[in-house]
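Reminder, nothing fancy here: chain letters follow the sequence lines and each chain counts from 1.
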Protein chains: 2
Amino acid sequence: MKFKEAKNKFVQTWGALGSQWGINKTMAQIHALLMVSAEPVSMEDVMEELQISRGNASMNLRALMDWGIVYKEYKTGERREFFTAEKDLDELAVKIARERSKREIKPALKVLKEVSSITANQTEEEKHFVDQTTKLYDFVLKADNVLDKITEYKDNWLTKLVVKFMK
Amino acid sequence: MKFKEAKNKFVQTWGALGSQWGINKTMAQIHALLMVSAEPVSMEDVMEELQISRGNASMNLRALMDWGIVYKEYKTGERREFFTAEKDLDELAVKIARERSKREIKPALKVLKEVSSITANQTEEEKHFVDQTTKLYDFVLKADNVLDKITEYKDNWLTKLVVKFMK
DNA sequence: ATAAACTTTCATTTATTTTTGAAAGTTTAA
DNA sequence: TTAAACTTTCAAAAATAAATGAAAGTTTAT
């Protein structure tokens, strides 16, 4: 396989993966492109390589920066902006985990707490509802706490997890 | 909050969450509904409660069964089919993790292996590509293995993880 | 101040995903 | 068998999400 072909395949695959994870295809593709680029990339280059419009590039780069996994860079003497992706994978995973916890898990926990707190009257139906949502709340809370703890390690958290867990 | 309201809120929230995870809204809503139902639920009831068409209900129930997190049940003397969700949360999480590993991680690993195996010629660009995709392959492989190990525990894997990790 | 170089915004268009509903298929009982 | 009770399928319609591109906005150099 030639380099260009490999690069394209990687970008496409990463993009397809993104859309199964609630991230839009272009956003994931841009991220893939930046991750395998040795040098910072301009918006013009992103548009060119992925064949997308200026607006699309701009909006998705912004979204990636909001996630904290893509950075703007300025080159001295250059007017335009360049972009690089977080390339450290431990760091990348930690940022994604934290962001998703904040955006999705925390709000879900709030709702679970609310709905599991209704006073169940005598019906089996209501008792089961309260029981099940309470279990769900406990489970998700525990999982979120584990995630917190794991990501606190930052460097090499995955390796540390392997070591701890395989014992 | 009244029971009906709480139930509805739960179903809606779970549905919204689903769509951020690449699962369609209705599928997640059906799952939510079944999870908090004490008794097996007929397709008619699913249609009625979620206000969806017969075709939609049928297709999404099928998809949930393909994931192995919803089961068909037959009541003696009843012609129609009833459905229940996996209610054990450890088991549910394990099934989801395994299915996603199979559907998403494994194929991605295959591609990563492929693209990281090109012979990089002298350019910095190509060397960086091979280096980065190799790191990615190693990382994802390690993560997938940890997931495997964790889900082997099945019962109480989360609790066991907490215990192991907090030490 | 002015203009060139560049980025962002957002109404509109385009593409993708989901839903519908009626026809076809299946199972069971008589 | 036949027909009633139920489920599945799938082409078409509807809903949703993403992309475009031109105008508006911003920054920098002169």
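Between the C1' atom of D:dA5 and the NZ atom of B:Lys75 lies a distance of 17 Å, rounded to the nearest Å. Counting to the nearest Å, the C1' atom of D:dT7 and the CD atom of B:Glu73 are 18 Å from each other. Taking atom CG of A:Asn60 as the reference point, atom C1' of C:dT7 lies 15 Å away to the nearest angstrom. If you take CG of B:Leu50 and P of C:dT19, they are 10 Å apart, rounded to a whole angstrom. Following rounding to the nearest Å, B:Met47 (CE) and C:dT20 (C1') show an atom-to-atom distance of 11 Å. Atom CD1 of A:Ile52 and atom P of C:dA15 are 16 Å apart (whole Å). Distance, A:Met65 CE to C:dT7 P: 11 Å, rounded to whole Å.
In this pair, A:Trp21 and B:Trp21 present their aromatic rings tilted. The plane angle is within the 30 to 60° band.
Using a cut-off of 4.0 Å between Lys/Arg side-chain N and Asp/Glu carboxylate O, A:Asp131 and A:Lys135 are scored as salt-bridged.
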Under 3.5 Å, which donor-acceptor pairs link side chains of residues 91-98 of chain A to any protein atom two or more places apart or in another chain?
| residue | atom | partner | partner atom | Å |
| --- | --- | --- | --- | --- |
| A:Lys95 | NZ | A:Gly68 | O | 3.1 |
| A:Lys95 | NZ | A:Tyr71 | OH | 3.1 |
| A:Arg98 | NH2 | A:Thr151 | O | 3.1 |

Quick one: side chains of residues 10-18 of chain B, donor-acceptor pairs under 3.5 Å with protein atoms, not counting sequence neighbours, listed by atom name and distance.
| residue | atom | partner | partner atom | Å |
| --- | --- | --- | --- | --- |
| B:Gln12 | OE1 | B:Gln29 | NE2 | 3.3 |
| B:Thr13 | OG1 | B:Lys9 | O | 2.7 |

Just distance, no hydrogens or angles: give the donor-acceptor pairs under 3.5 Å from side chains in residues 51-65 of chain B, sequence neighbours left out.
| residue | atom | partner | partner atom | Å |
| --- | --- | --- | --- | --- |
| B:Gln51 | NE2 | B:Glu48 | O | 3.0 |
| B:Ser53 | OG | B:Asn56 | N | 3.2 |
| B:Arg54 | NH2 | B:Glu44 | OE1 | 3.2 |
| B:Arg54 | NH2 | B:Glu44 | OE2 | 3.3 |

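Contact between B:Leu158 and B:Asp90 at its shortest, heavy atoms only, is N-OD1, 4.0 Å. The shortest heavy-atom contact between B:His128 and A:Val36 is ND1-O, 3.2 Å.
A:Glu49 places none of its side-chain heavy atoms less than 4.5 Å from the side chain of A:Ile30. Side-chain contact between A:Gln20 and B:Arg103: absent, with no pair of heavy atoms (C-beta onward) separated by less than 4.5 Å.
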Please write out the pairs of protein N or O atoms and N or O atoms of nucleotides 9-15 of chain D separated by less than 3.5 Å, giving the distance to one decimal.
none

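In the region residues 19-44 of chain B, proximity to DNA chain C at under 4.0 angstrom, judged on heavy atoms, holds for B:Asn24, B:Thr26. Residues from residues 76-86 of chain A lying near DNA chain C, meaning a heavy-atom separation below 4.0 Å, are A:Arg79, A:Arg80, A:Glu81 in numerical order.
No donor-acceptor distance shorter than 3.5 angstrom exists from the side chain of A:Glu78 to the backbone of A:Arg80, with no hydrogens or angles considered.
If you run side-chain contact (heavy atoms from CB on, under 4.5 Å) between B:Phe83 and each of B:Leu34, B:Asp45, B:Val46, only B:Leu34 comes through.
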